[in-house]
Protein chains: 2
Amino acid sequence: MSGLTPRKEDYIKAIYKLSERNRAVRVKDIAQVMGVRAPTVVGIVSMLKEDGYVEQEPYGYLELTALGREKAKALIHREQLIYKFFEDVLKLPSDEAKDNACAIEHYISPVCLERLLFFIEFISTCPHVKPKFLEHFSKFINDGDDINLACVACCCHEMSQESEVAQ
Amino acid sequence: MSGLTPRKEDYIKAIYKLSERNRAVRVKDIAQVMGVRAPTVVGIVSMLKEDGYVEQEPYGYLELTALGREKAKALIHREQLIYKFFEDVLKLPSDEAKDNACAIEHYISPVCLERLLFFIEFISTCPHVKPKFLEHFSKFINDGDDINLACVACCCHEMSQESEVAQ
DNA sequence: TATCTTTTTTAGCTTAGTATAATTATGTAC
DNA sequence: GTACATAATTATACTAAGCTAAAAAAGATA
């Protein structure tokens with residue numbers, strides 16, 4: 001009964017991901033990937049069964065229902081957007097990006113996520129900004145705090161003899 | 001005893017913020033801003049007292065210890081960095097930005113936060129990128145999904161073409 | 001001073017999420 | 001086809017964070 005907590009959402013995602021890799025998903029597998037003991041999984045999963053996200057014959061394998069799969073896909077989509085931002089834009093190492101995306105996914109509002117998506121789109125599809133901007137930011141990260149060193153790669157720099165930028 | 005949970009961190013921040021506004025902080029005030037009942041506050045605060053973050057005479061006002069203030073400042077600093085990103089870069093409404101920053105603050109890793117800080121610095125201090133980039137992104141948000149409409153404001157665009165902006 | 005109101009505290013209950021230990025079911029090997 | 005190994009489940013208990021209801025302290029007022 002009752003709604004999905006962040007933790008239950010994590011379990012739904014885990015079952016989905018395992019079922020893509022393994023075919024047969026067992027309580028033990030979930031316990032392993034979630035870093036908990038089997039009884040914990042049984043407890044959470046029994047709630048997910050009541051809520052219609054999961055099906056399981058006694059002592060058998062676990063499967064997501066159609067509802068569960070839809071939910072999982074939506075959750076993983078959210079997670080992926082955030083992951084993409086952390087990895088592609090902020091240039092975080094893949095693991096770090098993944099962990100952070102998974103952790104904060106539950107707490108970001110729809111509006112915030114939408115705006116983040118806008119931003120990723122903006123950065124990665126605008127034909128004028130995309131290549132220079134990301135390259136520029138990469139340099140900024142690598143060279144540390146020396147802004148001017150990074151800035152020589154900027155597209156705007158190339159035309160900066162014409163328009164002097166204040167501030 | 002034991003460590004700080006995300007929720008306890010929220011209470012420390014709340015006490016700090018209240019003490020800046022009010023002078024005297026009461027259980028009732030914290031209950032109000034945290035959206036809980038007084039006994040909940042008493043319970044959490046009694047743990048924070050044991051851990052040395054808070055001091056209170058019986059039935060009296062609450063005060064952060066030196067340790068508590070340091071902790072609060074560090075937490076609020078983190079929160080502010082994320083808030084700044086959401087508001088200044090992603091252009092979220094202030095309330096939305098604040099709520100999201102507060103919610104995810106506990107879950108973002110130090111590395112991720114550092115990188116976010118880099119990014120804010122990059123966006124807001126690079127003299128070549130700053131003005132054009134943010135202006136450009138604002139247009140992108142306002143004009144929705146039409147990339148090309150947004151892109152006519154790009155500094156790179158001006159460089160290559162001499163066309164007037166269709167707003 | 002005595003009473004009434006407000007605030008804090010205590011006591012006891014609930015739910016989510018975890019654990020260990022014991023029990024039950026399944027499956028495989030002889 | 002019994003016996004052992006593995007896996008799932010049940011029983012029980014703990015912690016964090018919340019609640020209500022009632023008791024106790026402080027403050028205000030007639």
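Lettering of chains follows the sequences in order, A, B, ..., and the numbering in each one begins at 1. Being a predicted model, the structure only gives us computed values, none of them experimental.
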Mind calculating the distance between [atom1] ([X]) and [atom2] ([N]) to the nearest angstrom?
| X | N | atom1 | atom2 | value |
| --- | --- | --- | --- | --- |
| I30(A) | dA7(D) | CD1 | C1' | 13 Å |
| M34(A) | dA16(C) | CE | P | 16 Å |
| E50(A) | dT15(C) | CD | P | 12 Å |
| D51(A) | dA16(C) | CG | C1' | 13 Å |
| L62(B) | dT9(C) | CG | P | 7 Å |
| K8(B) | dA16(D) | NZ | P | 6 Å |

With sequence neighbours left out, the residues meeting side chain to side chain contact (heavy atoms under 4.5 Å, CB included) with D99(B) are none
Enter the distance from I104(A):CD1 to Y107(B):OH here, rounded to the nearest 0.5 Å.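 OH of Y107(B) is found 11.5 Å from CD1 of I104(A).
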F119(B)/F119(A) aromatic ring centres below 6.0 Å: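 Centroid separation for F119(B) and F119(A): below 6.0 Å.
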Examine [N]: is either OP1 or OP2 under 4.0 Å from a nitrogen or oxygen in the side chain of [X]? Give yes or no.
| X | N | value |
| --- | --- | --- |
| T40(A) | dG17(C) | no |
| R37(A) | dA8(D) | no |
| T5(A) | dA16(C) | no |

N/O contacts under 3.5 Å, protein versus nucleotides 4-8 of chain C?
from   : atom 1 : to     : atom 2 : distance (Å)
dT7(C) : OP1    : K28(B) : NZ     : 2.8
dT8(C) : OP1    : V27(B) : N      : 3.1
dT8(C) : OP2    : K28(B) : N      : 2.9

Thinking salt bridges, do K73(A) and E70(A) make one under a 4.0 Å N-O criterion?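 The answer is yes: the pair qualifies as a salt bridge.
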Check: S109(B) main-chain N/O paired with N100(A) side-chain donor or acceptor under 3.5 Å: yes
Backbone N or O of K91(B) within a donor-acceptor pair of the R115(A) side chain at under 3.5 Å? yes
Minimum-distance nucleotide (side-chain atoms of V36(B) versus dT18(C), dG18(D), dT10(C)): dG18(D)
